[in-house]
Amino acid sequence: MGVAGATSGDSASNGGQAAAANNPYLAHLQPAASSGFGGVYGKSHPFHGLIPGKTTVEQQLAIEAGGINGFTGQPYSDKYREILKKRQELPVQKQRGNFLKLVHENQFVVLVGETGSGKTTQIPQFLLFDELPQLKGKMIACTQPRRVAAMSVAQRVADELDVKLSEEVGYSIRFEDCTSKSTVLKYMTDGMLLREAMTDPTLERYSAIILDEAHERTLSTDILMGLIKEVAAKRPDLKVIVMSATLDAEKFQRYFNDAPLLTVPGRTFPVEVFYTPEPERDYVEAAIKTALQIHMSEPEGDVLLFLTGEEEIEDACRKIRAQGDRLIQQGACGPLKVIPLYSTLPPHMQQRIFEQAPAPRTEGGPPGRKIVVSTNIAETSLTIDGIVYVIDPGFAKQNVYNPRVRVESLLVSPISKAAAQQRAGRAGRTRPGKCFRLYTEKAFVKELQEQTYPEILRCNLSVVVLQLKKIGIDDLVHFDFMDPPAPETLMRALELLNYLGALDDEGELTEFGAKMSEFPLDPQLAKMLMDSPKFKCSQEILSVAAMLSVPNVFMRPREAQRQADAAKANFAHIDGDHLTLLNVYHAYRAQNCSSDWCWDNFLNHRSLKAADNVREQLRRIMERTGIELTSTPFDSPSYYTNIRKALVSGFFMQVAHVERNGHYLTVKDNQVVLLHPSTVLDRKPEWVLYNEFVLTSKNYIRTITEVRAEWLLDIAPQYYDLSTFPSCEAKRVLERILTQRKFRDEHDSDKKKDKREKKEKKRRRTDKSVISSETSSKMVRLNMSKV
DNA sequence: GAGCACTGC
C-alpha cells in the first residue's frame with residue numbers, strides 16, 4: 001500500500017540546512033535562526049507582509065496567484081495553475097473571508113460543509129497561510145477517520161500547493177509516517193493523533209488542529225474532542241476547527257463553548273426520495289424486487305442497494321442475476337451486471353464496482369445496467385461514481401456492547417435518519433437521482449433516531465480508559481465527553497485494568513499500566529505480551545498476539561467448506577485454537593509468506609500479511625520498552641505449556657469451566673456458553689480460556705485453549721481469590737485443589753522439598769536457550785506430525 | 001455445527 005512518490009523519513013531536509021540559511025525562500029525550514037519564533041517574513045519573500053492570525057483574503061489570493069512558491073522558492077508549475085483554476089470554483093472559496101474572520105476572533109470554529117464543498121482540501125490551506133505555523137516551529141494537523149483518506153487528501157493538497165508529498169504537506173498513519181522536518185500541514189488518522197497525545201498531552205507540536213468528518217463520531221474523534229477541549233483551555237494559542245457534514249452542528253457548537261458556525265453549501269444534485277406505502281415484511285425480497293423494477297422501468301443509470309452482510313449480499317446477487325436473466329430472455333430489459341461489495345472481499349473483486357455498465361445487446365436496444373449490492377462500506381468509505389438510484393431497506397449491522405456480561409454483539413438494527421440521508425446522497429453525485437426507501441415515511445419520521453449512536457456508547461472502553469489515564473486524565477467520571485458513556489461501562493473498564501495491574505486500587509495508572517498503554521492492543525493482549533518473558537515465550541506470544549489482532553485468517557467459502565475444514569485440520573493443535581494460530585503463522589513464515597500457499601490452504605493472505613506487520617510493530621515496542629525477547633526450545637516439553645501459561649496471565653478473566661451436565665459456565669459471571677463450532681478442540685476440557693465471547697444465535701466462546709486450574713490459581717491469585725467467587729462447581733474444584741496443596745505442603749518432608757527444588761532448578765537451566773528463526777519450519781513439521 | 005457491519009493505533 002502506498003502513494004506514488006511518497007517517501008518517509010526526513011530526507012526532505014537532508015542537505016537543505018546550509019542552503020536554507022542563505023535562501024530567503026527556505027526560511028521556513030529554520031524559523032528560529034532566520035526570524036525567531038513569532039517572527040515575520042523578509043521583504044523578498046513571497047510571504048512578506050503576512051502577519052500570523054491577521055491575514056486577509058486578498059493577501060492569500062495574491063500569494064496563490066504569485067510567481068514564486070513561498071515554500072520551495074521555485075516558480076509555480078503549469079500543473080499548479082491548472083489546479084488553481086479548479087480550486088477557485090469550489091463553493092468553500094466564497095467563504096474564505098468569513099472563515100478567516102471567525103478564526104481570527106475565535107479559538108473554536110465549527111464548519112458544516114456538505115459533500116463536494118471542498119472543505120477537506122481547502123480549509124487546511126486557508127488556515128496554513130493564516131497561522132504560518134512554520135514561524136513557530138509548529139504544524140497544522142487535519143484528522144481523518146480512515147487511512148486512505150489521509151493519504152489521498154495529503155497527495156492532493158501537496159499537488160495544490162506545488163510541493164512534494166512528505167515535505168511541506170505529509171501524512172501519518174499506522175505503519176507509515178510520510179512527513180519530514182519541513183512538514184507544516186499533516187493529514188493523519190484520528191487514532192494516530194490520539195497516539196501522539198499519549199506522549200505529548202498538550203499537543204505542543206501543533207498550532208492548530210482540524211477534526212474532519214466529526215459527524216462520524218469515531219471513538220478516536222470523540223476522545224480527541226474531549227481532550228482538545230481541555231488542552232485548548234490551557235493553550236489559548238491553539239486553534240481548533242471542527243468540520244462536519246451534517247446539520248447536527250448545533251451539538252458541536254454547544255460543546256465547544258458556543259463556537260460560531262460556518263456553513264458551506266455542497267455541490268450535489270437533487271435526489272428524489274420515495275417511500276413504500278406499507279411496511280415491508282421481508283426487506284431482502286422487497287429490495288430485489290425494487291432493483292428489478294428499476295431496471296425494467298427507469299432510464300439509464302446504475303443502482304446501489306444497501307444490505308447488511310456478506311451472506312445476505314451474495315444471496316441477493318444470485319437472486320437478482322437469476323430473475324434478471326429470465327426478464328432478459330423475455331426481452332423485457334437490457335443486460336445486467338450485479339456486483340457484490342463488502343470489506344472482506346479481496347481487493348480485485350472490490351475493484352469491480354468501477355466497471356462500466358454492460359452495453360445494450362443490440363444497438364438501440366434496452367440499456368444495460370450495473371447493480372452494486374453493498375454493506376454500508378459504500379455509505380462512507382467507498383464512493384462509486386455514476387450511481388443514480390439508491391435502494392435503502394433501512395438496516396445495518398451494528399456493534400452493541402453489554403457491560404453487564406462484557407459481551408459485544410453484532411445486531412441487525414434500523415439505521416438513523418442521518419445515515420439514511422447519507423445513503424440517499426449517494427444517488428446524486430453525478431446527476432439528479434432517486435432513492436427508494438423500503439419503509440414508510442411515517443417510520444422514517446417517527447421511528448428512526450436522528451443520529452447513529454456514537455461508537456463510544458457502543459463498545460468496551462478498557463483501551464479508552466487506559467489511553468486517557470496515560471494522557472493524564474484522572475477523573476474519568478467528570479471528563480467532558482460529548483456523549484458520556486454509561487457509568488457501568490466505565491466501571492467495567494476500571495475493574496479489568498485493576499485486575500490486570502494497569503491501575504492500582506486508587507485507580508491511578510501504575511508503571512506497568514503506562515507500559516501497557518504503549519501497545520496498540522487490548523489490555524489483555526498487552527498484559528500477556530508484557531508477562532511473556534516470565535514464561536520464556538515472548539517470541540511466540542508476539543505471534544499469537546498479532547494473529548489475534550487481525551481479521552480471521554481461516555477462509556471457508558460456501559462451495560468448499562469441507563476442503564477448507566480439512567486444510568485447517570492440518571494446522572490444528574491438540575491444546576486449542578491459540579496454538580493453532582501459532583502453527584499457521586509459523587507455517588506462513590516457513591513458506592516465505594507465499595500468497596499461493598495461503599490460497600491452497602484456505603488462508604486469508606491479507607490477514608496474515610497484516611499479522612506480520614502488526615508483529616513487527618509490537619516487536620519494536622517490546623524492544624523500546626525493554627521487554628526481553630525469548631523462546632523456550634521447541635523440543636522442550638514445556639514449549640507449549642509455557643505459551644499457555646502466558647495466555648492465562650492476560651486472559652484469566654476469560655475462562656470457562658465445564659459443569660457435570662456438559663455445559664460451560666464462565667468463571668465468576670456464571671454465564672452459560674458453548675464452544676464455538678469453529679474450534680479445533682474435539683473434546684471438552686475441564687477448563688478453557690477464550691479470546692472472545694460472541695452473542696449470535698447462541699452464547700459462544702471463540703478461539704479457545706485448554707488451561708489448568710493450578711495455573712489460574714498461581715498466575716492470577718488476585719482474580720482467583722475464592723472468597724470473591726459465587727458458589728458454583730468451579731469454586732468447589734478450585735477449593736479442593738487448594739486444600740490438597742495445603743495438605744501436601746504440611747506433610748512434605750524437607751528432603752522431598754529439596755529434591756523438588758533441585759529438579760526445578762535444573763529445568764530452568766535447560767530452558768534458557770533461544771530458538772532461531774531458521775528452526776521455525778522444522779518446528780512446524782515437528783508439531784504437525786505430533787497432531 | 002456457525003458466521004466476520006465498518007474503522008483505527
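We name chains A, B, ... by the order of the sequence lines, and we start the count at 1 in each one. All figures in this text were calculated on a predicted structure; none of them were measured in a lab.
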Enquirer: Report yes if some heavy atom in the side chain of Cys142(A) is under 4.5 Å from a heavy atom in the side chain of Asp212(A); otherwise report no.
Expert: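 Counting from C-beta outward, Cys142(A) and Asp212(A) do come under 4.5 Å.
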Enquirer: Could you tell me whether Arg437(A) sits above the aromatic face of Phe444(A), with NZ or CZ closer than 6.0 angstrom to the six-membered ring centre and within 45 degrees of the axis?
Expert: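 Geometry flag: set, cation within 6.0 Å and 45°.
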Enquirer: Output yes when at least one side-chain N/O atom of Lys397(A) is less than 4.0 Å from OP1 or OP2 of dC4(B), else no.
Expert: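 So the side chain of Lys397(A) is outside the cut-off, no N or O lying under 4.0 Å from OP1 or OP2 of dC4(B).
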Enquirer: OP1 or OP2 of dC4(B) less than 4.0 angstrom from a side-chain nitrogen or oxygen of Arg702(A), does that happen here?
Expert: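 True: Arg702(A) side-chain N/O within range (under 4.0 Å) of dC4(B) OP1/OP2.
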Enquirer: From dT7(B), dA2(B), dC9(B), pick the nucleotide closest to the side chain of Arg174(A)?
Expert: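 The nucleotide sitting nearest to the side chain is dC9(B).
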Enquirer: With respect to the side chain of Ile173(A), which nucleotide from dA5(B), dA2(B), dC9(B) is positioned closest?
Expert: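 That would be dC9(B).
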Enquirer: For the pair made of CG in Leu411(A) and P in dG3(B), what is the distance, rounded to whole Å?
Expert: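 After rounding, the gap between these two atoms is 12 Å.
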Enquirer: Below 30° counts as parallel, above 60° as perpendicular, anything between as tilted: where do the rings of His676(A) and Tyr700(A) land?
Expert: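 His676(A) and Tyr700(A): perpendicular rings.
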Enquirer: Mapping Leu521(A) and Pro677(A) to their closest nucleotides on DNA chain B, which lands nearer the 5' end?
Expert: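 The residue whose closest nucleotide sits nearer the 5' end is Pro677(A).
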Enquirer: Side chains of Leu304(A) and Ser374(A): does their closest heavy-atom pair fall under 4.5 Å?
Expert: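 Yes, close enough: below the 4.5 Å cut-off.
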Enquirer: So which of Gln449(A), Gln422(A), Glu450(A) actually passes side chain to side chain donor-acceptor pair (under 3.5 Å) with Lys417(A)?
Expert: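 The option that passes is Glu450(A).
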Enquirer: If you only use heavy atoms from C-beta on, which nucleotide in dC9(B), dA5(B), dT7(B) is closest to the side chain of Arg195(A)?
Expert: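 For Arg195(A), the side-chain atoms sit closest to dC9(B).
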Enquirer: Between dT7(B), dG3(B), dG8(B), which one does the side chain of Arg147(A) approach most closely?
Expert: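 Comparing dT7(B), dG3(B), dG8(B) against the side chain of Arg147(A), the answer is dG8(B).
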Enquirer: Specify the separation, in whole Å, of atom CD of Gln350(A) and atom C1' of dA5(B).
Expert: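 The answer, rounded to whole Å, is 13 Å.
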Enquirer: Tell me whether the OP1 or OP2 atom of dC6(B) has a side-chain N or O from Thr375(A) closer than 4.0 Å.
Expert: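 Affirmative; the distance criterion is met.
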Enquirer: I need the OH-P distance between Tyr690(A) and dA2(B), as an integer number of Å.
Expert: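 It works out to 20 Å between those atoms.
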Enquirer: In whole Å, I'd like the distance from the NZ atom of Lys568(A) to the P atom of dG3(B).
Expert: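 Rounded to whole Å, this separation is 14 Å.
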Enquirer: dG8(B), dT7(B), dA2(B): which one has an atom nearest the side-chain heavy atoms of Ser343(A)?
Expert: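 For Ser343(A), the side-chain atoms sit closest to dT7(B).
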Enquirer: Determine: side-chain N/O of Thr344(A) to OP1/OP2 of dC4(B), distance under 4.0 Å, yes or no.
Expert: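 For dC4(B), OP1/OP2 do not have a side-chain N/O of Thr344(A) under 4.0 Å.
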Enquirer: Rounded to the nearest Å, what distance is computed from the CG atom of residue Leu382(A) to the C1' atom of nucleotide dT7(B)?
Expert: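 Nearest whole value for this atom pair: 12 Å.
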Enquirer: Does dT7(B) have OP1 or OP2 sitting under 4.0 Å from an N or O in the side chain of Thr380(A)?
Expert: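 No.
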Enquirer: Rounded to whole Å, how long is the line connecting atom OH of Tyr342(A) with atom C1' of dG3(B)?
Expert: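 After rounding, the gap between these two atoms is 12 Å.
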Enquirer: Rounding to a whole Å, what distance do you find between Gln422(A):CD and dA5(B):P?
Expert: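 So the CD-P distance, Gln422(A) to dA5(B), works out to 20 Å.
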Enquirer: Just compare dG3(B), dT7(B), dA2(B) and give me whichever is closest to any side-chain atom of Ser678(A).
Expert: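 Looking only at heavy atoms from C-beta outward on Ser678(A), the closest nucleotide is dA2(B).
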Enquirer: Considering only heavy atoms and no angle criterion, is a donor-acceptor pair shorter than 3.5 Å present between the side chain of Arg556(A) and the base of dG3(B)?
Expert: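 Present.
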Enquirer: For the side chain of Glu310(A), counting heavy atoms from C-beta on, which of dT7(B), dA2(B), dC4(B) is nearest?
Expert: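 From the listed options, dC4(B) comes nearest.
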Enquirer: Between dA5(B) and Thr308(A), is there an OP1 or OP2 to side-chain N/O distance shorter than 4.0 Å?
Expert: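 It does not, given that no N or O in the side chain of Thr308(A) lies less than 4.0 Å from OP1 or OP2 of dA5(B).
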Enquirer: So which one's nearest nucleotide on DNA chain B is more toward 5', Leu341(A) or Gln467(A)?
Expert: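 This one resolves to Leu341(A).
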Enquirer: Hey, does Pro145(A) reach any base, or is it just sugar-phosphate, or nothing, if we go heavy atoms under 4.0 Å?
Expert: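 Counting heavy atoms under 4.0 Å across all strands, the contact made by Pro145(A) is with sugar-phosphate only.
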Enquirer: Remember a base hit wins even if backbone is also touched, and classify Phe175(A) as base, sugar-phosphate or nothing at under 4.0 Å, heavy atoms.
Expert: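 No contact at all - Phe175(A) keeps every heavy atom at 4.0 Å or more from the nucleic acid.
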Enquirer: Heavy atoms under 4.0 Å, any strand shown: does Leu410(A) hit a base, just sugar-phosphate, or nothing?
Expert: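 Base: the residue Leu410(A), judged by heavy atoms under 4.0 Å, touches a nucleobase.
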Enquirer: Starting the side chain at C-beta, find the nucleotide from dA5(B), dC9(B), dG1(B) nearest to Asn376(A).
Expert: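 Nearest to the side chain of Asn376(A) among the choices is dA5(B).
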Enquirer: Evaluate the ring planes of Tyr588(A) and Tyr585(A), with Trp represented by its six-membered ring, and classify them as parallel (under 30°), tilted (30 to 60°) or perpendicular (over 60°).
Expert: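 Because their plane-to-plane angle lies in the 30° to 60° range, the rings of Tyr588(A) and Tyr585(A) count as tilted.
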Enquirer: For Asn552(A), which contact category applies under a 4.0 Å heavy-atom criterion: base, sugar-phosphate, or nothing?
Expert: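 The answer is base, as Asn552(A) lies within the cut-off (heavy atoms under 4.0 Å) of a base atom.
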Enquirer: Round to the nearest Å and state the distance from Gln561(A) atom CD to dA2(B) atom C1'.
Expert: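 Rounded to whole Å, this separation is 9 Å.
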Enquirer: Can you tell which of Leu490(A), Leu219(A), Thr489(A) makes a side chain to side chain contact (heavy atoms under 4.5 Å, CB included) with Val464(A)?
Expert: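 It is Leu219(A); the other options fail the test.
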Enquirer: Contact class for Asn399(A) (heavy atom, under 4.0 Å): base, sugar-phosphate, or nothing?
Expert: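 Base: the residue Asn399(A), judged by heavy atoms under 4.0 Å, touches a nucleobase.
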